Amino acid sequence: MKNQELSKIFNEIARFLQIDGVAFKPYAYEKAAISLEGLSEDVAETYVRGGRKALEEIPGIGRAMSDHIEEYLKTGKIKFYEEMKKKLPVKWDELLSLEGLGPKKIKVLYEKLGVKNLKDLAKVVKKHKVAPLFGFGEKTEENIVQGLDFLKRSKGRSLLKDVLPFATEILKKIEKLKEVEKVSLAGSLRRKKETIGDVDFLVVSKNPKKVMKFFCNLPGVEKVWGKGGTKASVHMKEGFDMDLRVVPLKSYGSALQYFTGSQDHNIATRKIAIEKGLKLSEWGVFSGSKQIAGKTEEEVYKAIGLKWMSPEIRENGGEIEASLNHKLPQLVELKDIKGDLHIHSNWEDLKGSKDSIEMLAKKGMELGYEYIGISDHTNDLKVEKSLNEKHILKQIEYIKKLNQSFEKRGIKFKILTGCEANIRRDGTIDVEDEVLSKLDYVIAGIHSIHKMEKEEMTKRIIKAMQNKNVDILAHPTGRIVGEREEYLMDFDKILKTAYETGTILEINSSTRLDLRDLYIRRAKSEGVKMLINTDTHKKDQMDFMEYGISQARRGWAEKKDIINTESVENLLKYFK
DNA sequence: GCCGTTTTCGGCCCGACTGTTTTCAGTCG
């Protein structure tokens, strides 16, 4: 997508302008960058569709920005940007990822020491060339050394599923302290983003010192790098930072609102406060110098005329308007889920690591589900002992018997028969239709030849959805968080076909997290049904449903959009 | 540079911390 490239460029232009001390323009470029990033349509298509006029309808894009975009689309370059880059050819994303380093310091480092990237920076700090620079010092140099060391170990953001269980454990420990009145997670972790920068805790306590001491001595703390009267920051050996803040009870709600973010959401809420002649900060909502709200998030939102909204949608992506118009979504919840339909069993097992259908069913019952579906890999997928037509028929019979035994014992639980078939290069399915039609449902997914031309890939997927036996499109875009980009495809056409053929799109809860939140929102608005699956290869992975739920919630999905919130009788009606 | 039923000009979120230039710029969330 050109959007991401342009977003990156606009962000960098903002940095250049910031260095030159230009006022307000950096903010405009940043806003344009954020706006582009959140767009579902590729600007190249927007431009073809409606030219300059359509571009300027994008929020934050005006005369000058559309100039830049047009130039970029036509020539692949933006002169304005290239000139700036010539003057200061540094790797912004690398250098800015270092804690404590901003545009101005980066400029000094380049001009005085020729530092262009992290590698250069490591060299000059080793020679102690940084401390003597004007505006730097011993402490700054030491912080750079520490920052480089930390980056090397953590390499950026961590996955939600790696951090959330860990952070929840710590939260429970803090909760148990008798000095603690209130505690909550905040930040991107509370918003359940796909990846997390650091972990934020917010605490109300009469004895902050004691809580802070406890926090700094938690197992796994490698280094305490910031400690004041009300705030402590630690590096964890797991490779991320944790912050703990103690706030007064009367500001707990406003602090929670503030530290939960997102930053864009905060800016938007503060603007609303200003419009009402109020001021919103982490300390509360103020009318003049009088605090009129702050103890709870609900009263903070109420004081500025908004309804409380779930952290997952606080991205300034329309939630403020929805709140004003009483149109906030009733987001789907974990407890709404009645079953999981993407589960692999030991029937396809090659290495002896998978669980039996019986064990998976038991796990499903423990989770309070009414049903699970078994969906082993088929013919073409060679990394597993994939099931052929004969195996599938045999498995159907086997599951039938298990269901009968449940019935006999009065257990109200059903195992559905499915498979995860492969979509071949030409869009055909690697299992005979005759056999597919005997299953309760069929999941189809792409597991080979990920790199194809956009048009060809779109046709391939559309053809698979048109198969009258294919009910569910597995991990529709092929992305894996932090590992693999999505396939080139026309998502609008995919959505249209999904709607026409009644094909359900999967929200895969594994590290794929595919569909992405923006696509979920588009699917919802087009009336396309979705299904949250775990893609379990080992029974404990069935617990990952909560990450699919978070993903769905960030995509504004409601219970009615997600079909595995339905009873088994209703569910079966959705299948072709 | 963008935006607008309070404006086509004059605004642009807010506060805290850190380290160094010892009064405040730069950075962060």
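Fair warning: this is a prediction, and the values are worked out from it, not measured in the lab. Per chain, numbering begins at 1; letters A, B, ... match sequence-line order.
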**Prompt:** Within less than 4.0 Å of OP1 or OP2 of B:dT18, is there a side-chain N or O belonging to A:T140?
**Reply:** no
**Prompt:** Are any of A:N143's side-chain N or O atoms less than 4.0 Å away from OP1 or OP2 of B:dG19?
**Reply:** yes
**Fill in**
Under a 3.5 Å limit on both distances, the Watson-Crick or wobble mate of B:dT8 is none
**Prompt:** Does the base of B:dG29 carry an N or O that pairs as donor and acceptor with the side chain of A:Y258 under 3.5 Å?
**Reply:** yes
**Request:** Just compare B:dG26, B:dC2, B:dC12 and give me whichever is closest to any side-chain atom of A:K104.
**Result:** B:dG26
**Message:** My understanding is that only one of A:K213, A:K210, A:K209 makes a salt bridge (charged side-chain N to carboxylate O under 4.0 Å, His left out) with A:E179; could you say which?
**Reply:** A:K210
**Message:** By nearest atom, which of the nucleotides B:dC13, B:dC14, B:dG29 is closest to the A:D198 side chain?
**Reply:** B:dG29
**Message:** Taking 5.5 Å and 30° as the limits, would you call A:F24 and the base of B:dC12 a stacked pair?
**Reply:** yes
**Prompt:** So what does A:K105 touch, heavy atoms closer than 4.0 Å: a base, only the sugar-phosphate, or nothing?
**Reply:** sugar-phosphate
**Message:** Under 4.0 Å, heavy atoms only, any strand: does A:L98 hit a base, just the sugar-phosphate, or nothing?
**Reply:** sugar-phosphate
**Asked** When we call it a touch if two heavy atoms are under 4.0 Å apart, what does A:K279 touch: a base, just sugar-phosphate, or nothing?
**Response** sugar-phosphate
**Asked** Got a salt bridge between A:R314 and A:D264, using NZ or NE/NH1/NH2 to carboxylate O under 4.0 Å?
**Response** no
**Message:** Would you say that A:K104 contacts A:K107 through its side chain, given a criterion of any heavy-atom pair below 4.5 Å between the two side chains?
**Reply:** no
**Prompt:** C1' atom, B:dG1 versus B:dT5: distance in rounded Å?
**Reply:** 23 Å
**Asked** Do NZ/NE/NH1/NH2 and the carboxylate oxygens of A:E181 and A:K206 come within less than 4.0 Å?
**Response** yes
